[in-house]
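Single-structure report; data block below.
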Amino acid sequence: MNAAYPPQSVVAAAVGPGADFRPTHVAPGDGMPTWAAPDGLVATEPLDALLPVRLLERRGDWGQVLCLNGWSAWVDARLLVPVPQGPPSTGQQLARTADARALLTHVEETVGRYRRAVEELAAGRMDGETFRRTTLGLRIGAVVDGEAMWVYDAEHDRWCYCDGTAMTTFAVAEPASEAGSRPGTAAGAGEADGPGGPPTTVLGDR
């Protein structure tokens with residue numbers, strides 16, 4: 001994956017990785033481009049879809065993010081999907097979804113399909129185009145921190161908080177807006193430099 005293994009020249013400018021890395025966001029479902037500075041001039045390695053990152057700084061529409069391996073870059077912060085930082089408040093009414101095990105099974109199956117495709121590609125039994133077709137449409141996301149887990153439900157385009165076998169819908173995507181244009185520019189003013197996507201609302205923050 002690109003963000004997991006950036007070029008050594010890029011790593012040289014990285015912020016050192018820390019044992020207490022806690023993501024605040026994940027990259028959107030289509031991944032996202034990155035830049036060396038908040039000016040859109042020098043593009044760097046793109047972030048993989050749903051890659052966990054920590055937002056370090058915000059400058060207008062720009063945001064500096066840190067990856068688990070210590071690599072940092074600037075992105076269009078409007079496209080980042082926030083990750084809940086704690087379990088749902090005990091004061092709010094919980095909207096329970098189905099048993100979490102069904103969604104976890106889907107995550108495991110999707111990872112297995114991707115892993116098998118990677119093995120075929122690495123062994124030379126599959127070319128790049130076949131690999132892209134085989135993995136097309138695969139989309140999962142999960143953040144585990146001890147007993148707490150947030151998992152992405154691609155079928156309903158939402159993030160769920162899991163506290164055992166039961167889940168609570170925690171963040172949902174909103175209708176598409178103007179996100180997708182380069183940070184600091186009006187929507188439609190020139191060609192977009194990265195994939196767009198609807199913003200995500202954390203329930204209870206309305």
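Starting from 1, each residue takes its place in the sequence as its number. As a basis for the values below, the full set of heavy atoms in this structure was taken, side chains included, without hydrogen atoms, waters or symmetry mates.
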Donor-acceptor pair, side chain of Arg78 and main chain of Asp61, under 3.5 angstrom: no
Residue pairs fulfilling salt bridge (Lys or Arg N to Asp or Glu O under 4.0 Å) with at least one residue in residues 112-123, sequence neighbours excluded: Arg115-Glu119, Glu120-Arg125
Which residues share a salt bridge (Lys or Arg N to Asp or Glu O under 4.0 Å) with Asp127, sequence neighbours left out: none
Nearest heavy atoms of Pro23 and Val143, plus distance in Å: CG-CG1, 3.9 Å
Leu104 to Met149 - nearest heavy-atom pair and separation: CD2-CE, 3.3 Å
Residues, nucleotides or ligands: over 12 heavy atoms within 6.0 Å of Glu147 CD: no
Residue pair His25 / Val81, side-chain heavy-atom distance below 4.5 Å: no
Parallel, tilted or perpendicular, as decided by the 30° and 60° cut-offs, for the rings of Trp150 and Tyr161: tilted
Heavy-atom closest pair, residues Trp71 and Thr44: CZ2-OG1, 3.9 Å
With sequence neighbours excluded, residues passing salt bridge (Lys or Arg N to Asp or Glu O under 4.0 Å) with Glu57: Arg59
Close side-chain approach of Pro52 and Thr24, heavy atoms under 4.5 Å: no
Sub-4.5 Å side-chain heavy-atom contact between Thr34 and Pro46: no
Of Asp30, Asp157, Asp153, Asp48, the residue whose pairing with Arg139 passes salt bridge (charged side-chain N to carboxylate O under 4.0 Å, His left out): Asp30
Minimal non-hydrogen separation, Leu50 against Gly141, with atom names: CD1-N, 3.7 Å
Hydrophobic cluster identity match, Val144 and Ile140, side-chain contacts under 4.5 Å: yes
Heavy-atom check, side chain of Glu155 versus side chain of Leu103, under 4.5 Å: no
Val65 side chain reached by Leu56 side chain, heavy atoms, under 4.5 Å: no
Minimum side-chain heavy-atom gap Pro28-Leu79 below 4.5 Å: yes
Non-hydrogen side-chain atoms of Leu80 and Val26 separated by less than 4.5 Å: no
Donor-acceptor contact present, side-chain Arg132 to main-chain Thr134, <3.5 Å: no
Exam field: side chain Thr130 to backbone Met126, donor-acceptor pair closer than 3.5 Å: no
Aromatic plane relationship, Trp159 with Tyr152 - under 30° parallel, 30 to 60° tilted, over 60° perpendicular: tilted
